[in-house]
Enquirer: 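Shown below is the structure under consideration.
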There are 2 protein chains.
Amino acid sequence: MRGLDDTDRGIVRLLLEDARRPFSDIAEEVGLSAPAVSDRVDRLQEMGIVRGFTLDLDRSLLRAGVPVLVEIDAEPGRAAAVRDGLADADAVEHVFRTADGRVTVTATVPQAEVSDLLDAHVDLNDVDSYEVRLVADSEWTPGLGTAEFAPECAECGNTVDEEGERTVLDGDSYYFCCGSCESRFVDHYESLKEGA
Amino acid sequence: MRGLDDTDRGIVRLLLEDARRPFSDIAEEVGLSAPAVSDRVDRLQEMGIVRGFTLDLDRSLLRAGVPVLVEIDAEPGRAAAVRDGLADADAVEHVFRTADGRVTVTATVPQAEVSDLLDAHVDLNDVDSYEVRLVADSEWTPGLGTAEFAPECAECGNTVDEEGERTVLDGDSYYFCCGSCESRFVDHYESLKEGA
DNA sequence: CCTGAAACGCCTCCGTT
DNA sequence: AACGGAGGCGTTTCAGG
C-alpha cells in the first residue's frame with residue numbers, strides 16, 4: 001500500500017486553497033503533467049483522504065435560523081450513538097466527538113429550538129446533560145501541515161503502516177494492518193450484508 | 001441590492017456537493033445557461049457568501065499530530081481578541097466564538113502541546129480558563145436549508161434588507177442598511193487607511 | 001507511475017434579445 | 001439578466017517508456 005508523498009501533500013494544499021484550480025496549473029506547481037495530477041487526485045479520493053470538493057460559505061451572511069453550539073455529555077459508551085444520530089440531521093454542520101464521551105455539535109436551528117433537534121435525532125437516554133451556546137462567529141482555515149497518511153485498521157484499530165492493505169467495499173475504502181485482519185473484516189462484512 | 005433567490009440556492013447546494021461540477025451541468029439542473037451560472041457564481045463570490053472552493057478532507061486518516069478541541073473561557077470582552085489570535089495559527093482549523101464569551105477551537109497539535117499553542121497566539125491575560133479534550137472523530141455535513149441572505153450593517157450592526165447597499169473595499173464586500181451608514185463607514189475606513 | 005499528443009468537453013467573452 | 005455561438009483552455013484518454 002502506498003502512503004502520501006510530498007507531491008500528494010502539495011496537490012492537496014493547492015486544492016484546499018482553490019478546489020477549482022486547473023489540474024494543469026497544479027501540475028506546473030508540483031512538477032508533474034496534468035494527467036498525472038488527475039490520476040493522483042483520483043487516488044486520493046479512492047483512499048478516502050479527499051472526501052470531495054465543496055464550498056467554503058460565509059454562513060454569517062445567511063439567515064437560516066440561529067447558529068448554536070451544543071455540548072452534549074453522553075452516557076458512558078453512548079457518545080458514538082449520539083454522534084451518529086446528529087450527523088444525519090439537516091440543521092447540523094459539525095459534529096466533534098471527544099475521547100471523554102462528549103459530543104460537540106454546531107447547527108443552525110429555527111429559533112434556538114435545540115431540544116427539538118435532540119429529540120428528533122438522539123435517544124435521550126443516551127444523553128446525560130447538554131448545554132447550548134449561541135455562536136457569535138466562526139472561522140474555518142483548512143490546513144495540512146506535514147500530515148502523514150496513517151489510517152486505523154478497520155478490524156483491530158491499530159495504526160496501519162506501509163505494510164498494510166486497502167480494500168474497497170461498496171465504494172468505500174477500508175484499511176487493514178495485515179491480511180488476516182482484512183479477511184476477517186471482509187467475512188464479517190459479507191455476512192452482515194447477506195443478513196440485511 | 002439583490003438578495004438570494006431559489007436559483008442561487010440551487011447553485012450553492014449543487015456546488016456544496018461537488019465544487020468541481022461543470023457549470024454547464026449545473027445550468028441544466030437549475031434551468032439556466034452555462035454563462036448565466038458562471039455570472040451568478042461570480043456574484044456569489046463578490047457578495048462574500050461563497051468564500052471559495054475547497055476540499056472536504058477526512059483528517060482521521062491523517063496523522064499530523066493529535067486532534068484536540070479546546071474550550072477557552074475568555075476574560076470579559078476579550079473573546080474576539082482570543083479568536084483573532086488563534087485563527088491565524090497554522091494548527092488551528094475551526095474557531096467558534098459564542099455569545100457567552102467562550103472560544104471553542106479545534107486544532108491538530110504535535111503532542112497535545114496546547115499550552116504552547118495558546119502561548120504563541122493568545123495573550124494569556126485574555127484567558128480566564130481553558131479545557132482540552134481529545135477529538136475521537138469529527139464529521140462535516142455542509143447544508144444550506146432555506147437560508148436567506150441577511151448580512152449585518154458594517155456600520156451599525158442592524159440586519160440589512162433588500163433596501164440596503166453593498167460596497168467593495170480592497171476586494172472585500174461590506175453591507176450597509178442605508179446610505180448614511182455606508183458613507184460614514186467609508187469615511188472612517190479611508191481615514192484609517194491613510195493613517196496606516 | 002509517468003509523459004506527450006490529440007480529441008473532447010468546458011468555460012468565458014461578446015453581441016444580441 | 002440571460003441566451004447562443006465562437007474561441008481558447010482544461011481534462012482525459014491512449015500509446016509508449
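Within every chain, numbering begins at 1; the chains are lettered A, B, ... in the order of the sequence lines, protein sequences first and strands thereafter.
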Enquirer: What's A:R40 touching, base or sugar-phosphate or nothing? Going by heavy atoms closer than 4.0 Å.
Expert: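 It contacts sugar-phosphate atoms only.
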Enquirer: Considering only NZ, NE, NH1 and NH2 on the basic side and carboxylate oxygens on the acidic side, decide whether A:E46 and A:R166 come within less than 4.0 Å.
Expert: yes
Enquirer: Rounded to whole Å, how long is the line connecting atom CG of A:D5 with atom C1' of C:dC1?
Expert: 11 Å
Enquirer: Determine, for B:R78 against B:D128, whether the closest basic-nitrogen to carboxylate-oxygen distance falls under 4.0 angstrom.
Expert: no
Enquirer: Starting from P on C:dG9, measure out to CD1 on B:I26 and report it in whole angstrom.
Expert: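 Interatomic distance, CD1 of B:I26 to P of C:dG9: 18 Å.
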Enquirer: Looking only at heavy atoms, which two atoms of A:S115 and A:Y130 are closest? And how far apart?
Expert: CB-OH, 3.8 Å
Enquirer: Does one side chain, of B:E182 or B:T167, offer a donor that lies under 3.5 Å from an acceptor on the other?
Expert: yes
Enquirer: Once you round it to whole Å, what is the distance between P of D:dA2 and CD of B:E28?
Expert: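 Taking atom P of D:dA2 as the reference, CD of B:E28 is at 17 Å.
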Enquirer: Can a salt bridge be assigned to the pair B:D170 and B:K193 using a cut-off of 4.0 Å between side-chain N and carboxylate O?
Expert: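 So B:D170 pairs with B:K193 through a salt bridge.
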Enquirer: How does each nucleotide of nucleotides 10-17 of chain D score, in 5' to 3' order, for protein heavy atoms under 4.0 Å: base (B), sugar-phosphate only (S), or none (-)?
Expert: SSBB----
Enquirer: What integer distance in Å separates B:D42:CG from C:dC13:P?
Expert: 8 Å
Enquirer: Please state how far atom CD in A:E46 lies from atom C1' in C:dC1, giving the value in whole angstrom units.
Expert: 15 Å
Enquirer: Can you classify the ring geometry of B:W140 versus A:H94 as parallel (below 30°), tilted (30 to 60°) or perpendicular (above 60°)?
Expert: parallel
